[in-house]
A.B. asks: 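Structure below; questions to follow.
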Amino acid sequence: MRVRFAPSPTGHLHVGNARTALFNWLLARGSGGTFILRIEDTDRERSTSASEQAILEDLEWLGLGWDEGPFRQSERLDIYRAQADRLLAEGRAYYCFCTEAQLKAEREAALAAGEAPKYSGRCRDLSRSEVAARRSRGEPAVVRFRVPEGGDVAFLDKVRGEVSFPRAAIGDFVLLRPDGNPAYNFAVVVDDALMRVTQVVRGEDHISNTPRQVLLYEALGFRPPEFAHVALVLGPDHTPLSKRHGATSVAEFRARGYLPEALVNYLALIGWSPGGDQEVLPIEELARRFRLEDVGRSAGVFDEEKLAWVNRHYMRLAGAPRLAKLAAPFLRAEGMVVREPDASGWAYLEKVVGMASDSVDRLADIPRRLRFLFSYDAARALSDPEVQAVLNEDGAREVVAGLARELAASERLTSREAFRAAADRVKRETGRKAKALFHPIRVALTGEAGGPELDHAVPAIDLGAQLPAGSGLSPVVGCRERVQLFLEALDRA
RNA sequence: GCCGGUAUCGUCUAGGGGUCAGGACACGUGGUUCUCAGCCACGGGACCGGGGUUCGAAUCCCCGUACCGGUACCA
């Protein structure tokens with residue numbers, strides 16, 4: 001089996017296209033086949049090498065490596081020319097000198113008359129000598145395919161079944177533009193045939209091109225591949241997913257802190273089901289189970305909530321070192337990491353990122369969850385209504401005062417046990433327990449009413465306070481200092 | 001307009017001539033934990049509409065409706 005993904009480099013990799021790439025990849029991987037990457041850059045106006053580069057990076061980030069390519073259509077111009085010459089020589093194609101203005105007027109007239117706008121065929125039967133004369137005069141000409149008349153063009157689609165189009169609806173279409181660049185339908189067929197692609201899996205938006213392509217396969221004497229057209233991905237309002245809906249490109253989801261394996265897993269779930277009751281599955285398992293005939297025919301709505309849920313799974317599955325590495329750029333953007341951390345910095349990050357990650361959806365949420373470590377501000381804490389509510393509870397201030405006395409006398413709370421022991425002593429001294437004990441401790445030490453478990457958060461604070469100056473992280477104020485600052489702020493208030 | 005396509009909970013789906021129409025996300029309630037997340041239990045929620053075929057239709061057929069794609073010298 002030989003499959004391909006053939007994006008045009010006109011922007012970022014859209015998640016809909018990423019899903020198409022994934023389906024192809026799964027097919028190849030699941031069958032021991034070959035996954036070919038081809039860049040369809042025949043539209044010289046819109047194609048950019050920056051886009052191409054971005055698409056390659058996105059595919060690599062997703063883990064969708066290719067076996068052959070990337071091939072660029074812009075580098076295969078003579079191949080298309082040669083194939084077009086064959087069709088020209090056989091009379092299956094012809095030169096057309098119609099101007100764009102002419103064609104546009106005809107199209108509009110047809111539309112107004114309620115007819116299908118298709119090429120009129122004006123240049124279809126120009127005499128040999130006229131063609132030669134006009135060409136030698138340098139008159140711009142395209143090469144058009146002479147669509148055989150009559151009947152239907154049918155093909156078997158692996159996801160849609162039998163599909164057929166009346167041939168009469170297909171006008172003679174352009175193969176080669178005046179500048180020698182091939183048009184889409186022509187380049188695709190030539191490439192897919194020459195690259196010996198066996199299954200063409202692509203978006204549904206290409207389905208009505210398929211009859212044209214089938215005709216071309218016939219005319220060129222190539223055997224058509226199997227086709228499969230997968231439905232598009234929509235936004236929550238059932239319109240095609242666009243910028244309006246927020247993130248649409250792989251790069252944007254990466255920037256929001258989704259893990260590649262989560263995006264891949266989620267994308268596979270739109271329009272396909274792995275069967276069984278398990279849907280969070282590694283890509284290799286998806287490849288084992290994936291079958292084109294199980295792909296649904298209807299369009300699917302992209303649901304970021306579910307993506308987030310899948311992402312949580314994969315964040316839990318990721319080991320601490322990897323998670324720390326992944327989260328570091330996000331922490332750096334918030335000033336929590338100030339330069340490349342040293343070994344102590346990384347060790348610390350592994351600890352705290354692990355603590356933060358089991359209650360957030362995405363990497364981008366981690367800094368907020370760790371803010372209490374790097375920017376303790378007692379005054380800000382007191383202005384928080386939730387913190388106020390905690391302090392207004394019976395005995396809350398006594399707990400804070402007791403905690404301050406306890407910490408003044410004890411070592412740093414660098415372990416869960418040390419923290420528990422300290423909390424126990426405050427408990428005995430104040431007679432407060434559970435919520436009445438831990439809530440005031442939390443607000444005093446973290447400055448926030450919520451956050452990671454105190455068993456983890458408190459040692460993280462004091463461990464952070466011991467970090468050497470060269471760790472690469474923003475400084476962390478220790479517990480003892482915090483509770484003093486908190487008390488002072490309380491006095492002032 | 002014309003040509004194609006699609007239709008099961010809000011969303012992704014399983015199933016498919018006789019089922020209590022199953023699961024997941026989301027949502028609601030209760031429990032658990034210092035908070036959030038999580039976890040546990042419980043709960044609400046769907047076969048687009050109308051005809052036909054049939055003993056029986058959500059499932060097959062037709063019509064309609066809605067939505068999507070195409071209708072290029074864009075892919």
A.B. asks: Which part of the nucleic acid, if any, lies within reach of A/Gly451 when heavy atoms closer than 4.0 Å are counted: base, sugar-phosphate only, or nothing?
C.D. replies: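 Contact class for A/Gly451: base.
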A.B. asks: Are A/Phe290 and A/Phe23 close enough that their ring centers fall under 6.0 Å?
C.D. replies: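 A/Phe290 vs A/Phe23: aromatic centres under 6.0 Å.
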A.B. asks: Applying a 4.0 Å non-hydrogen cut-off, can you work out what A/Tyr184 is touching in the nucleic acid: base, sugar-phosphate, or nothing?
C.D. replies: base
A.B. asks: It should be established whether A/Arg144 places a side-chain nitrogen or oxygen under 4.0 Å from OP1 or OP2 of nucleotide B/rC73.
C.D. replies: yes
A.B. asks: When we call it a touch if two heavy atoms are under 4.0 Å apart, what does A/Pro452 touch: a base, just sugar-phosphate, or nothing?
C.D. replies: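 Base contact.
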A.B. asks: So, does A/Arg107 get its side chain near the phosphate of B/rA72, meaning an N or O under 4.0 Å from OP1 or OP2?
C.D. replies: yes
A.B. asks: Tell me if the side-chain of A/Asp277 makes a donor-acceptor pair with the base of B/rA14, cut-off 3.5 Å, by modelled atom types.
C.D. replies: no
A.B. asks: Rounding to an integer number of Å, can you tell me how far A/Leu175 CG sits from B/rC73 P?
C.D. replies: 12 Å
A.B. asks: At 4.0 Å (heavy atoms only), tell me whether A/Glu45 reaches a base, stays on the sugar-phosphate, or touches nothing.
C.D. replies: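 The residue A/Glu45 makes no contact with any strand.
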A.B. asks: Strictly by salt bridge (Lys or Arg N to Asp or Glu O under 4.0 Å), give each pair with a member in residues 285-298 of chain A just once, sequence neighbours left out.
C.D. replies: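 Listed once each, the pairs are A/Lys158-A/Glu293, A/Glu285-A/Arg288, A/Glu285-A/Arg289, A/Arg291-A/Asp294.
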A.B. asks: For A/Ala318 and A/Leu259, work out which heavy atoms get closest and say how close.
C.D. replies: CB-CD1, 4.4 Å
A.B. asks: Counting the atoms with a prime plus P, OP1 and OP2 as sugar-phosphate, which does A/Glu40 contact under 4.0 Å by heavy atoms, base, sugar-phosphate, or nothing?
C.D. replies: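 Result for A/Glu40 = sugar-phosphate.
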A.B. asks: Just checking A/Thr42: base, sugar-phosphate only, or nothing, at a heavy-atom cut-off of under 4.0 Å?
C.D. replies: sugar-phosphate
A.B. asks: Let me know the distance between CD of A/Glu304 and P of B/rC25, rounded to the nearest Å.
C.D. replies: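 Nearest whole value for this atom pair: 17 Å.
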A.B. asks: Can you name the closest pair of heavy atoms from A/Arg4 and A/Phe35 and give their distance?
C.D. replies: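 Closest pair (atom of A/Arg4, atom of A/Phe35, distance): C-CE1, 4.1 Å.
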A.B. asks: According to a strict under-4.0 Å criterion, is A/Arg312 in side-chain N/O contact with OP1 or OP2 of B/rA26?
C.D. replies: yes
A.B. asks: Reckon A/Arg46 touches a base, only the sugar-phosphate, or nothing at all at heavy-atom distances under 4.0 Å?
C.D. replies: base
A.B. asks: Give one of base, sugar-phosphate or nothing for A/Asp455, where a contact means two heavy atoms less than 4.0 Å apart.
C.D. replies: base
A.B. asks: Under 4.0 Å between any heavy atoms, over every strand shown, what does A/Leu307 touch: base, sugar-phosphate, or nothing? Just pick one.
C.D. replies: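 Nothing: the residue A/Leu307, judged by heavy atoms under 4.0 Å, touches no strand.
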A.B. asks: Which one of A/Glu100, A/Glu106, A/Glu108, A/Gln102 satisfies the side chain to side chain contact (heavy atoms under 4.5 Å, CB included) criterion with A/Lys104?
C.D. replies: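 Only one option passes, and that is A/Glu108.
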A.B. asks: Students often get this wrong, so: under 4.0 angstrom with heavy atoms, is A/Arg369 touching a base, only sugar-phosphate, or nothing?
C.D. replies: base
A.B. asks: Within the structure shown, what part of the strands sits under 4.0 Å from A/His206 by heavy-atom distance: base, sugar-phosphate, or nothing?
C.D. replies: base
A.B. asks: Mind checking if A/Val142 touches a base, just sugar-phosphate, or nothing, with heavy atoms under 4.0 Å?
C.D. replies: base
A.B. asks: Which whole-number value in Å describes the distance from A/Glu448 CD to B/rA37 P?
C.D. replies: 15 Å
A.B. asks: Base, sugar-phosphate alone, or nothing: which one does A/Leu269 contact when heavy atoms must sit under 4.0 Å apart?
C.D. replies: sugar-phosphate
A.B. asks: State whether A/Phe145 and A/Arg92 meet the cation-pi test: NZ (Lys) or CZ (Arg) under 6.0 Å from the six-membered ring centroid, and within 45° of the perpendicular axis.
C.D. replies: no
A.B. asks: What is the separation between atom NZ on A/Lys306 and atom C1' on B/rC27, rounded to the nearest whole Å?
C.D. replies: 14 Å
A.B. asks: Look at all strands and tell whether A/Ser208 reaches a base, only sugar-phosphate, or nothing, counting heavy atoms closer than 4.0 Å.
C.D. replies: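 Touches sugar-phosphate only.
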